[in-house]
Amino acid sequence: MRYFFMRWARNAFFIMSMTFALLLLTPDRVMQFQWVWIGWVFLLSGAMAAMSAYRWWEQSRDMALISAQYKEMTKSYRNANQVLLPPDASLYPLSREFNEMQTTVRRELIANRRQVASYETLFANLPIGVLTVDYRHRIVDMNDAAWQMLERRRVTLPTNEHDILKHFILVEIIRRTFEKRENIRQVVALNIGGKQRQIEITTLLHQPTSDRDEVIVLLYDLTTMLTLEQMQADFLANASHEFKTPLTAINGFIETLQGPAGADAALREQFLGIIESEARRMTDLVNDVLSLSRIQHGQTVAENSIIPLAHFTDELWQTLQESAQQKNITFKNTIAPDIEISSTPETLKALVVNLLSNAVKYNQENGQIEVSAQVEKNVWSLRVKDSGIGIPTSQQTRIFERFYRGDASRQRRIADGTGLGLAIVSELVQQLNGQIHLQSQVGVGTTFTITLPK
Ligand code: ADP
């Protein structure tokens, strides 16, 4: 259609131009053919008007096309198409600019969407609680960790901060941030899930859009980290204490023996005995530390063998009998004689000896110890029950730490020990993919149960 018009207009123009030239070349005939001349002028004007009209129609149509695509683009970039015009269309350069702009914006938008999606995932899964409070003290955003920390059921946001924040101190810190227009960082103790947790609250004041302030609140649970720090400090203090005690005794008695007391044969004998026992204690300590480190590095290379559990336990009991007799402790082994388990003798010995020697050390005069075992489909378990002093609940999770010794055993000097026995047991059980369970009541007794895969 478009080309037909163009060709028609060009031919018409050509014929008119030729006729007009002929008429000009023969001026005396002009007057005779005046009507022809006038007719051609009309025809020429008509052709030019038709061409302009066509141009105008074509431009309006292309403009409408661009504008429709523009509208689509503002609605959604997904549905917008490129505007395709023939290269000789008058709006062709504009359509090219438009298409380029559309491609750039689409690319930017996809990049933005991707970025927003990753930020949203990050925000939702951050281990730190994050919430945003606007200038009207409404919570406008809150991630999963924050909902959990604040122990609230999810509600639709925005909502008033008082509906969600039940900790007065938190509301107070947010209020201070808005009022003083400065960020605050403070560690506070909050009751979460019935337990005291150390939470670091950080507030960040910002103005995301207009001149209205918003406060982003970060909630970071420091409890585990602080507990670990405390454990590390205790470990160092306990370890140095355990090493220092025998060394101090050894040095003290050596000094005494170097003085006049050294001449007294009876005293010398007694002091040398003490030095020997303290040196043995230090050797035990070093051995325990070494075996712990070996277990931790998986350096127990011995082969498993089939061990009759009852007999094995009875034999180990012989080595503890002397100290048990001093307290008049009764020992009862109820392990069925036919129970056999697969283990390395060293591992089993470390497990049984540590549990049995504790049962003796922390038992009362005339106390009892009972050892029993059970074999199930995939696991076997060993239970050591004593009628000893028991372990306070507050210490029950800590006794498996290295060098940790219960207050009673340290202060009242109930028993000698390194504080490494249960750490060794727990480490071994862990290495063997087993479990250790403790049940204890102060003044009544303690039962340790270890469960190991067959
Ligand atoms: P140690 O006996 O050398 O102190 P352990 O690691 O074997 O070290 O035990 C750690 C602590 O656990 C002990 O100091 C003691 O307070 C407590 N404990 C362990 N076994 C018993 C038990 N059978 N009865 C009471 N307390 C126990």
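Every number for a ligand or one of its atoms is a count from 1 in the order of the listing.
- When only interatomic distances are considered, the shortest N/O to N/O separation between L422 and ligand 1 falls below 3.5 Å.
- Under the 3.5 Å distance criterion, with hydrogens and angles disregarded, no donor-acceptor pair is assigned to the side chains of T132 and E214.
- When only modelled atom types and interatomic distance are considered, N183 and T177 share no side-chain donor-acceptor pair under 3.5 Å.
- When the salt bridge (Lys or Arg N to Asp or Glu O under 4.0 Å) test is applied to E179, the partners found at least two apart in sequence or on another chain are R175.
- The atoms of ligand 1 that sit less than 4.0 Å from any heavy atom of G421 are 5 (P), 6 (O), 7 (O).
- Looking at D386 against ligand 1, only its side chain comes within 4.0 Å, counting heavy atoms.
- In this structure, the side chain of N328 does not engage the main chain of E365 through any donor-acceptor pair within 3.5 Å.
- Heavy-atom contacts of K361 reach the following atoms of ligand 1: 1 (P), 2 (O), 3 (O) (cutoff under 4.0 Å).
- Only the side chain of I391 comes within 4.0 Å of ligand 1, counting heavy atoms alone; its backbone N, CA, C and O stay farther away.
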> After noting the C-alpha distance and the side-chain angles of S440 and T446, does the key distance pass the side chain to side chain donor-acceptor pair (under 3.5 Å) rule?
Replying inline: CA-CA 4 Å; S440 188; T446 304; 2.8 Å; yes
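- Between R402 and E242 no salt bridge is recorded (no basic side-chain N to carboxylate O distance below 4.0 Å).
- Annotation for ligand 1: atoms under 4.0 Å from non-hydrogen atoms of T418 are 3 (O).
- Under a 4.0 Å heavy-atom criterion, F400 is not in contact with ligand 1.
- D213 has a carboxylate O that lies under 4.0 Å from a charged side-chain N of R181, or vice versa, which qualifies the two as a salt bridge.
- Remark: ligand 1 atoms within the under-4.0 Å shell around heavy atoms of L420 are 6 (O), 8 (O).
- Residue contacts with ligand 1: G406 is placed with a nitrogen or oxygen under 3.5 Å of a nitrogen or oxygen of the ligand (distance criterion only).
- Tested against I184 for a side chain to side chain contact (heavy atoms under 4.5 Å, CB included), the candidates T203, T202, I174 yield a single pass: T203.
- By the criterion of a heavy-atom distance under 4.0 Å, both the backbone and the side chain of N358 are placed next to ligand 1.
- A side-chain donor from one of D288 and T418 sits under 3.5 Å from a side-chain acceptor of the other.
- The closest approach between any non-hydrogen atom of G419 and ligand 1 is below 4.0 Å.
- Contacts with ligand 1 closer than 4.0 Å are made by backbone heavy atoms (N, CA, C, O) of Y404 only, the side chain lying farther away.
- Within ligand 1, the atoms closer than 4.0 Å to a non-hydrogen atom of G417 are 3 (O), numbered from 1 in the order shown.
- Considering backbone and side-chain N/O of Y362, one or more are found under 3.5 Å from N/O of ligand 1.
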